[in-house]
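Take a look at the structure below.
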Protein chains: 2
Amino acid sequence: MSELADEGLVRQWRGLLARHAAVFGALECELQSKHGLGVSEFEALERLATGEAKCRGAELTDAVHLSQSATSRLVARMEREGLVERAMCELDRRGIFVSLTEEGLRRYEQAKPTHRAILKETLTFDD
Amino acid sequence: MSELADEGLVRQWRGLLARHAAVFGALECELQSKHGLGVSEFEALERLATGEAKCRGAELTDAVHLSQSATSRLVARMEREGLVERAMCELDRRGIFVSLTEEGLRRYEQAKPTHRAILKETLTFDD
DNA sequence: ACGAATTTGATGCAAACACATTTAATTCGT
DNA sequence: ACGAATTAAATGTGTTTGCATCAAATTCGT
């Protein structure tokens with residue numbers, strides 16, 4: 001039953017995949033070549049720049065749509081590059097607080113116009 | 001200027017990322033645990049099962065939204081698992097034809113209901 | 001027709017990912 | 001209050017990915 005509804009779902013999913021690939025690919029290419037940032041790095045920077053100053057690991061994991069382990073290494077990379085800082089969380093000493101460095105904020109603000117321009121170019125109106 | 005339009009674009013992109021992650025993650029999990037297939041493997045099988053019988057590498061690359069090298073290795077993996085066959089292309093002997101094996105068709109048809117069910121569960125109506 | 005440029009698919013390689021496990025700190029149950 | 005269960009983040013490991021490159025085949029320009 002509903003062979004037709006299935007076809008609709010598949011078309012929808014195909015569209016979602018295609019749009020995601022187009023935007024993600026363009027962002028990856030431009031952010032990397034112009035600012036030395038990956039898409040995940042930028043998403044993390046944006047979360048840190050616009051949310052509360054300090055951010056628990058789990059919140060960052062949600063924001064970047066990666067696994068916990070990938071997020072941990074993402075933060076490690078960004079810390080190595082001087083974009084973020086890790087601080088022990090006093091209330092729960094298992095956890096960490098991640099925060100932007102000045103350099104991180106600067107890089108985010110430099111990359112932001114590029115990011116928005118790519119979105120404008122590649123995001124079609126049919127969502 | 002158009003700080004507001006930017007915000008709209010960003011919201012749209014965030015939505016796209018979140019939907020993609022939700023559907024892709026659920027598909028990956030279920031297809032893997034129930035049928036031993038990744039999302040890319042399934043997309044390749046579907047392309048081969050529904051399009052022309054034989055398929056050039058480049059068409060497959062478009063279908064799965066991967067790089068050329070990743071697609072080449074995807075085909076190699078699937079051939080190793082007996083899901084597809086590679087044949088030399090007579091007209092252009094640089095190229096290959098990829099085609100489904102019986103086992104590949106069987107696995108596709110087994111996995112298809114699961115795939116459709118996950119789409120129904122996770123694809124929301126707001127596209 | 002013939003050498004240069006292009007195209008197709010494969011592969012070496014390093015980076016990034018997910019899964020499973022580990023360590024340390026907190027919470028829960030009794 | 002104290003041991004068991006849970007949670008947070010880090011890390012070992014194998015797989016997958018993209019980039020750059022390569023070899024082989026075709027196409028293009030003259």
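Numbered from 1 within each chain, the chains take letters A, B, ... in sequence-line order.
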* **Counterpart residues, side-chain contact (heavy atoms from CB on, under 4.5 Å), relative to S72(B) (two or more places apart)** => Q68(B)
* Considering residues at least two apart in sequence or located in another chain, which fulfil the side-chain contact (heavy atoms from CB on, under 4.5 Å) criterion with A76(A)? -> R80(A), R86(A)
* **Listed partners of E28(B) passing side chain to side chain donor-acceptor pair (under 3.5 Å), at least two apart** => none
* **Partner set under side chain to side chain donor-acceptor pair (under 3.5 Å) for D62(B), not counting sequence neighbours** => none
* **Global bending angle along the helix from dA1(C)-dT30(D) to dT30(C)-dA1(D), which compares the axes of five pairs at either end, to 10 degrees** => 40°
* side-chain contact (heavy atoms from CB on, under 4.5 Å) with E43(A): which residues, sequence neighbours excluded? -> V39(A), V64(A), H115(A), W13(B), R14(B), L17(B)
* To do: Please name all residues satisfying ring-ring contact (aromatic ring centres under 6.0 Å, His included) with Y108(B), sequence neighbours left out, ordered by chain then number.
  => F42(B)
* Structure fact -> Counting primed atoms, P, OP1 and OP2 as sugar-phosphate and everything else as base, the B/S/- map of nucleotides 5-14 of chain C against protein heavy atoms under 4.0 Å is --BSBBBBB-
* Asked: In chain order, what residues pass the side chain to side chain donor-acceptor pair (under 3.5 Å) check against R94(B), with sequence neighbours excluded?
  -> D92(B)
* Structure fact -> Residue set satisfying side chain to side chain donor-acceptor pair (under 3.5 Å) with T101(A), at least two apart, ordered chain then number -> none
* Check side-chain contact (heavy atoms from CB on, under 4.5 Å) between A18(A) and all other residues, then give those that pass, not counting sequence neighbours. => H65(B)
* Among residues 35-42 of chain B, which residues get a heavy atom nearer than 4.0 Å to DNA chain C? -> none
* Asked: Under 4.0 Å between a side-chain N or O of R77(B) and OP1 or OP2 of dT17(D)?
  -> yes
